[in-house]
Amino acid sequence: MAMNRWDPMRDLLRMDDEFERLLGRQAQRSAWSPTMDVRETDEDFEVDLDLPGLELGDVSVTFEDGVLAISGKREPTNEQNADTYHRIERSYGSFARSLRLPRTADGEKISATFDKGVLTVMIPKAEVAKPRTIEVTSS
C-alpha cells in the first residue's frame with residue numbers, strides 16, 4: 001500500500017476553490033477591469049488607471065460625444081507549459097472603461113501619459129468653467 005504525502009497547501013487551495021465555486025465567484029476572476037481613480041481640481045479632471053504588465057501600445061484612449069473611453073488588452077505573461085500552477089489570479093484579455101465627462105471638460109485639450117504601469121489622462125476644464133474672482137469696487 002502506497003502512502004500519500006499530505007500537502008496542506010493543496011488541501012487549502014482546493015477548499016478555497018470550492019468555496020469560491022459555491023459563491024459563484026469563479027467567473028468574476030476571469031473578467032478584468034482595471035481600477036480607476038477620477039479626481040477634480042479647479043483646473044482639470046484627472047483619470048488614473050492601474051495597468052500593470054501593459055505597454056504603451058497596448059492601450060487606446062478616445063474621446064467622442066462627451067465620453068472618454070479607455071481600452072486595451074493584456075496578454076498572459078507565460079505560455080502554457082509543463083509548469084504546475086497552484087493558483088492563477090491575474091486576469092488577462094481585453095478591457096474597456098468609459099465615463100461621461102461633464103460639459104465643463106475641454107475635450108480638445110485632453111492629454112495622456114503612461115508611466116510604470118499607470119495611465120494618467122488629464123482633461124482640462126474649459127476657461128468658462130474655471131472659478132474666477134470678481135473684483136469688487138466702490139462706486
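Position 1 is the first residue of the sequence, and the numbers go up from there.
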Asp42 and Lys125 have their tightest heavy-atom pair at O-CD, 3.5 Å
Counting N and O atoms only, with roles assigned by atom type, does the side chain of Lys73 sit under 3.5 Å from a partner on the main chain of Val59, one being a donor and the other an acceptor? no
Going hydrophobic residue to hydrophobic residue with side-chain gaps under 4.5 angstrom, can you get from Phe63 over to Met36? yes
When you measure from the side chain of Arg39 to the backbone N and O of Asp48, does any donor-acceptor pair fall under 3.5 Å? no
Counting only heavy atoms from other residues, nucleotides and ligands, does the tally under 6.0 Å from CD of Glu55 exceed 12? no
Which pair of heavy atoms, one from Ile70 and one from Phe95, lies closest together, and at what distance? O-CE1, 3.9 Å
Establish whether Leu56 and Val118 are linked, either directly or via other cluster members, by ILVMFWY side-chain heavy-atom contacts under 4.5 Å. no
Under the side-chain contact (heavy atoms from CB on, under 4.5 Å) criterion, do Asp106 and Ile123 qualify, and how do the steps go? CA-CA 7 Å; Asp106 187 348; Ile123 306 110; 5.9 Å; no
Are Val38 and Leu119 connected in a single hydrophobic cluster, I mean Ile/Leu/Val/Met/Phe/Trp/Tyr linked by side-chain heavy atoms less than 4.5 Å apart? yes
Would Leu99 and Leu49 show up in the same hydrophobic cluster when neighbours are defined by side-chain heavy atoms closer than 4.5 Å? yes
Nearest heavy-atom approach of Leu51 to Trp32 is CD2-CH2, 4.3 Å
Is it true that Val121 and Val67 fall in one hydrophobic cluster, defined by side-chain heavy atoms closer than 4.5 Å? no
Polar side-chain atom of Arg97 near backbone of Pro34 as donor-acceptor pair, under 3.5 Å: yes
Please confirm whether the backbone N or O of Asp58 pairs with a side-chain atom of Arg74, one donor and one acceptor, at under 3.5 Å? no
Say you draw a straight line from OG of Ser94 to CD of Glu75; how long is it, rounded to the nearest 0.5 Å? 8.0 Å
Kindly compute the distance separating OG1 (Thr104) from CG (Asp44), expressed to the nearest 0.5 Å. 10.5 Å
Where is the tightest heavy-atom contact between Phe45 and Glu40, given as atom of each residue plus distance? CE2-CD, 3.4 Å
